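To keep things clear, I will list the structure first and then write my remarks on it.
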Protein chains: 2
Amino acid sequence: MTVQQLTRNQALVLDALSASEAPLSAYTILDKLRGDGFRAPLQVYRALDKLQDLGLVHRLESINAFVACAHPDQDCCSHGLTAFTICESCGKVTEFHDHMIEERLAAFASDRNFRPGKTTIEIRGHCAGCA
Amino acid sequence: MTVQQLTRNQALVLDALSASEAPLSAYTILDKLRGDGFRAPLQVYRALDKLQDLGLVHRLESINAFVACAHPDQDCCSHGLTAFTICESCGKVTEFHDHMIEERLAAFASDRNFRPGKTTIEIRGHCAGCA
DNA sequence: AAGCAAATGTAATGTTATTACATAAGTTGC
DNA sequence: GCAACTTATGTAATAACATTACATTTGCTT
Ligand SMILES: [Zn+2]
Ligand SMILES: [Zn+2]
Ligand SMILES: [Zn+2]
Ligand SMILES: [Zn+2]
């Protein structure tokens with residue numbers, strides 16, 4: 001997927017996520033962007049959809065929130081599975097990749113003729129600072 | 001955690017999930033149990049919370065739905081991480097456990113002084129029958 | 001019976017996400 | 001430039017998922 005110019009709405013949403021320490025919900029993003037003319041949830045969800053397609057944003061399924069990709073330059077989604085740790089105290093998210101886990105899950109799927117699409121790995125707990 | 005008698009509501013919710021081929025949302029369960037006197041979402045959510053505590057039910061974070069544990073006799077939650085494949089065509093869910101993945105994730109967390117709580121692994125895709 | 005903890009009933013509300021439809025902006029070929 | 005097409009946007013309404021608050025009941029222990 002080649003680099004591409006983002007639209008105004010997409011850029012605003014990505015900036016909001018990039019500027020945030022913790023993941024943001026769609027409605028929190030909406031509130032942050034009211035001053036920029038955002039008025040409806042759909043403006044946020046549409047931008048998020050596109051940014052996810054581009055691999056610039058990830059959705060954290062277990063907390064209904066979104067984060068900017070930690071290394072968008074590496075074309076995150078194409079180099080495989082993305083996993084996250086999520087601190088339940090401070091909200092800090094760490095994104096990581098592990099080939100062994102990737103292969104292990106792929107093998108399990110292959111053994112059962114299951115054709116995998118998107119895979120979610122999320123570890124909720126407490127980070128070093130919040131221990 | 002020792003075996004314990006379920007209450008009527010808890011038993012009804014577990015039966016509904018056990019009888020279903022596919023995972024069910026809380027509101028779908030509510031509708032199925034209206035004939036048994038269920039009237040409000042909270043009746044379902046409370047039973048689900050308890051059943052999850054007991055390791056008899058799992059929540060699928062990526063689809064906002066719930067499934068009965070595939071092997072409740074083994075005290076599912078205590079013998080580690082639970083992972084799922086979820087067919088996006090027919091809804092079939094397969095629950096599995098993998099020690100290598102478990103150890104790998106534990107090692108990652110340990111390296112970073114991250115104290116893990118609940119971990120989610122969900123592979124969405126298409127099962128053999130729906131390929 | 002008193003006291004306590006767990007479970008229930010009910011209503012209201014909060015949060016997250018989508019459908020539907022109209023309008024506008026960018027792209028391509030002519 | 002202009003038609004045709006695709007992508008993005010604006011707006012309102014609604015659907016789907018989940019929790020708070022409070023009153024009451026049930027089951028167990030003392
Ligand atoms: Zn990423
Ligand atoms: Zn933390
Ligand atoms: Zn299980
Ligand atoms: Zn299937």
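Since the structure is predicted, the reported quantities are computational estimates derived from the model, not experimental observations. In what follows, every chain begins at residue 1, and chains take the letters A, B, ... in the order their sequences are listed.
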Can you sort out which residues in residues 117-125 of chain B have a heavy atom within less than 4.0 Å of DNA chain D? Ascending by number, please. none
Pairs satisfying side chain to side chain donor-acceptor pair (under 3.5 Å), at least one member in residues 34-44 of chain A, at least two apart: Asp31(A)-Arg34(A)
Taking atom [atom2] of [N] as reference, at what distance in whole Å does atom [atom1] of [X] sit?
{"X": "Asp31(B)", "N": "dC17(D)", "atom1": "CG", "atom2": "P", "value": "11 Å"}
{"X": "Ile29(B)", "N": "dC17(D)", "atom1": "CD1", "atom2": "P", "value": "11 Å"}
{"X": "Leu6(A)", "N": "dT7(D)", "atom1": "CG", "atom2": "C1'", "value": "14 Å"}
{"X": "Leu12(A)", "N": "dA8(D)", "atom1": "CG", "atom2": "C1'", "value": "14 Å"}

Could you pull out the closest heavy-atom pair between [X] and [Y], with the gap in Å?
{"X": "Leu14(B)", "Y": "Leu6(B)", "result": "CD2-CD1, 3.7 Å"}
{"X": "Pro23(A)", "Y": "Ala65(A)", "result": "CB-CB, 3.9 Å"}
{"X": "Thr82(B)", "Y": "His97(B)", "result": "OG1-CE1, 3.2 Å"}

Who pairs with Tyr45(B) by ring pair (Phe, Tyr, Trp, His ring centres under 6.0 Å), at least two apart in sequence or on another chain? none
By ring pair (Phe, Tyr, Trp, His ring centres under 6.0 Å), which residues pair with Phe84(B), not counting sequence neighbours? His58(B)
May I ask you to decide if Ala106(B)'s main-chain N or O and Ser110(B)'s side chain share a donor-acceptor pair within less than 3.5 Å? no
Apply side chain to side chain contact (heavy atoms under 4.5 Å, CB included) to Val13(B) and Val57(B), showing your working. CA-CA 10 Å; Val13(B) 168; Val57(B) 162; 5.8 Å; no
Would Arg104(B) pass as a cation-pi partner of Phe108(B), given that its NZ or CZ must be under 6.0 Å from the six-membered ring centre and within 45 degrees of the axis? no
Polar atoms only, N or O, under 3.5 Å: list the protein pairs with nucleotides 8-18 of chain C and their distances.
{"unit_1": "dT8(C)", "atom_1": "OP1", "unit_2": "Thr7(B)", "atom_2": "OG1", "d": "2.8"}
{"unit_1": "dG9(C)", "atom_1": "OP2", "unit_2": "Asn9(B)", "atom_2": "ND2", "d": "3.1"}
{"unit_1": "dG9(C)", "atom_1": "OP2", "unit_2": "Gln43(B)", "atom_2": "NE2", "d": "2.3"}
{"unit_1": "dG9(C)", "atom_1": "N7", "unit_2": "Arg46(B)", "atom_2": "NH2", "d": "2.5"}
{"unit_1": "dG9(C)", "atom_1": "O6", "unit_2": "Arg46(B)", "atom_2": "NH1", "d": "3.2"}
{"unit_1": "dG9(C)", "atom_1": "O6", "unit_2": "Arg46(B)", "atom_2": "NH2", "d": "3.2"}
{"unit_1": "dA17(C)", "atom_1": "OP1", "unit_2": "Arg59(A)", "atom_2": "NH1", "d": "2.7"}
{"unit_1": "dA17(C)", "atom_1": "OP1", "unit_2": "Arg59(A)", "atom_2": "NH2", "d": "2.5"}
{"unit_1": "dA17(C)", "atom_1": "OP2", "unit_2": "Tyr45(A)", "atom_2": "OH", "d": "3.0"}
{"unit_1": "dA17(C)", "atom_1": "O5'", "unit_2": "Tyr45(A)", "atom_2": "OH", "d": "3.4"}
{"unit_1": "dA17(C)", "atom_1": "N7", "unit_2": "Tyr27(A)", "atom_2": "OH", "d": "2.6"}
{"unit_1": "dA17(C)", "atom_1": "N6", "unit_2": "Tyr27(A)", "atom_2": "OH", "d": "3.1"}

Quick check on Lys118(B): does its NZ atom have over 12 non-hydrogen neighbours (other residues, nucleotides or ligands) under 6.0 Å away? yes
Using five base pairs at each end, measure the axis-to-axis angle across the helix from dA1(C)-dT30(D) to dC30(C)-dG1(D) and round it to 10 degrees. 30°
